[in-house]
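A short write-up of the structure that comes next.
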Protein chains: 2
Amino acid sequence: MRSKIEGDPRAARREAKWSKILEEAWDLARRDGLAALSLRDLADRVDLRQPSLYAYFDSKLDLYDAMFADGNRQLLAFIAAHGPYADEPSEALKALVQVVVQFSSEDVVRHQLLFQRTIPGFEPSAASYAFARDFYELARRRLAAVGATEQNDIDLFSALVTGLAHQQVANDPGGDRWARLAGRAVTMFLYEVEPHTPTTKGELRCTRH
Amino acid sequence: MRSKIEGDPRAARREAKWSKILEEAWDLARRDGLAALSLRDLADRVDLRQPSLYAYFDSKLDLYDAMFADGNRQLLAFIAAHGPYADEPSEALKALVQVVVQFSSEDVVRHQLLFQRTIPGFEPSAASYAFARDFYELARRRLAAVGATEQNDIDLFSALVTGLAHQQVANDPGGDRWARLAGRAVTMFLYEVEPHTPTTKGELRCTRH
DNA sequence: GTCTATACATCGATAGAC
DNA sequence: GTCTATCGATGTATAGAC
């Protein structure tokens, strides 16, 4: 795939233009709101006429789809950039939650597109959704490492994380009022999933100090 | 206020029309998406011409504001209709969470308007926000009854509830995959807020052996 | 209060020339 | 690929009759 671009200067230029379009689309969405994104404003930003944008995507929903994939790529990159973590599974899980909430709080409209479905008619394509699945798998593995494998446990955890992220974004954008609760939230979750009565699920001792 | 309407048939008719407008606006929003609501379609639904709608609200954002207030009234009515609960504080809290998540899952766009801020330019007016404050106060009182009064506790709880509601709405609309976790979530929360080792609120240390 | 009529700006999208 | 020109639909708003 890479060789195609590097070997073909026209494809490389097109790729660069496409990246510029995505970047400016995010910027406009942050300024005007995700739903209020205007293709004419976007065209102005990238030195094109509005109809010429259709050489890069088939419709506005298609653009949202590309942004959805891009946002998920950013999320995976953000997680990778803030690693590696301690090997200790519960610490790794705490770190993940912290990072995800921070990621969400850094860009409200990105969080809207990735985790809230508010654009009428928008449904991620299978290809774009694959990136979201990658993130889900990453979280699932880190949950399994602390012994949370049942669907109910995973669902409870996902609610906890999205709740923290949503409250952070909605009520304290740019701050850390909910982000700083990530560690406590995971502690609470772990205690629920692995009760400290050390019976079947391995020897786990919990004490308060 | 009531006497005004009952005493004046014209005011009563206007009130009825206004209710009809709100009702059809919700229905259209559910069909087309909240942001895609069209005033021309709405006018057709209520047997008016589009400009005549401006006799009932000053702008489209004004209509959203009225829907915001209406949705919050519905929430308070929904809570009232599903009471009274057991006096036991923790059970009352569980019931509240259950009801709120169920309420959200019953209407996705209502949940969007009330708890997610996705309409560009929309900000609830002070009058409409008063209803939201009523709900917040109700939840705060029920939290206080179980001993959760610190802001961090309230924030953690709000994240938990909105997280359950959001996951329910986004990933299992109409179902109960997350709604049924409400009781467990509250139990988990209560254990965190009121540790049964009644000493300090120190960090919980878990170690494997 | 509701209507007709109209205006204006903006939007996504398409046709066809180059 | 990019352009010009244009389309239909939209939201907003106003004037003026009844």
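Residue numbers start from 1 in every chain, and the chains themselves are labelled A, B, ... in the order their sequence lines are given, proteins ahead of strands.
- No donor-acceptor pair closer than 3.5 Å links the side chain of B:His111 to the backbone N or O of B:Asp107.
- Figure legend: cation-pi geometry between B:Arg140 and B:Phe157 absent, as NZ or CZ is not positioned both under 6.0 Å from the six-membered ring centre and within 45° of its axis.
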Polar atoms only, N or O, under 3.5 Å: list the protein pairs with nucleotides 9-11 of chain D and their distances.
unit_1 : atom_1 : unit_2  : atom_2 : d
D:dG11 : OP1    : B:Leu37 : O      : 2.8
D:dG11 : OP2    : B:Ser38 : OG     : 3.2
D:dG11 : OP2    : B:Leu39 : N      : 3.4
D:dG11 : N7     : B:Arg40 : NH1    : 2.8
D:dG11 : N7     : B:Arg40 : NH2    : 3.4

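- Salt-bridge formation is not detected for the pair A:Asp47/A:Lys17: no Lys NZ or Arg NE/NH1/NH2 atom is positioned less than 4.0 Å from an Asp or Glu carboxylate oxygen.
- Between B:Lys20 and B:Glu23 no salt bridge is recorded (no basic side-chain N to carboxylate O distance below 4.0 Å).
- By the neighbour-count criterion of 12 heavy atoms within 6.0 Å, atom CZ of B:Arg184 is densely surrounded, having more than that number from other residues, nucleotides or ligands.
- With a 6.0 Å radius and a threshold of 12 heavy atoms from other residues, nucleotides or ligands, A:Tyr129 has its OH atom at or below the threshold.
- Looking at heavy-atom distances under 4.0 Å, B:Tyr56 makes contact with sugar-phosphate atoms alone, never a base.
- Nearer the 5' end of DNA chain D, as judged by each residue's closest nucleotide, is the contact made by A:Ala55, out of A:Ala55 and A:Pro51.
- A:Asp62 comes within 4.0 angstrom of nothing in the nucleic acid, heavy atoms only.
- In summary, contact between chain A and DNA chain C, defined as any nucleotide atom under 4.0 Å from a heavy atom of the protein, begins and ends at C:dC11 to C:dT14 in the 5' to 3' direction.
- Residue-environment remark: CZ (A:Arg13) stays at or below the threshold of 12 foreign heavy atoms within 6.0 Å.
- The neighbour count for B:Arg49 CZ, taken as heavy atoms of other residues, nucleotides or ligands under 6.0 Å away, does not exceed 12.
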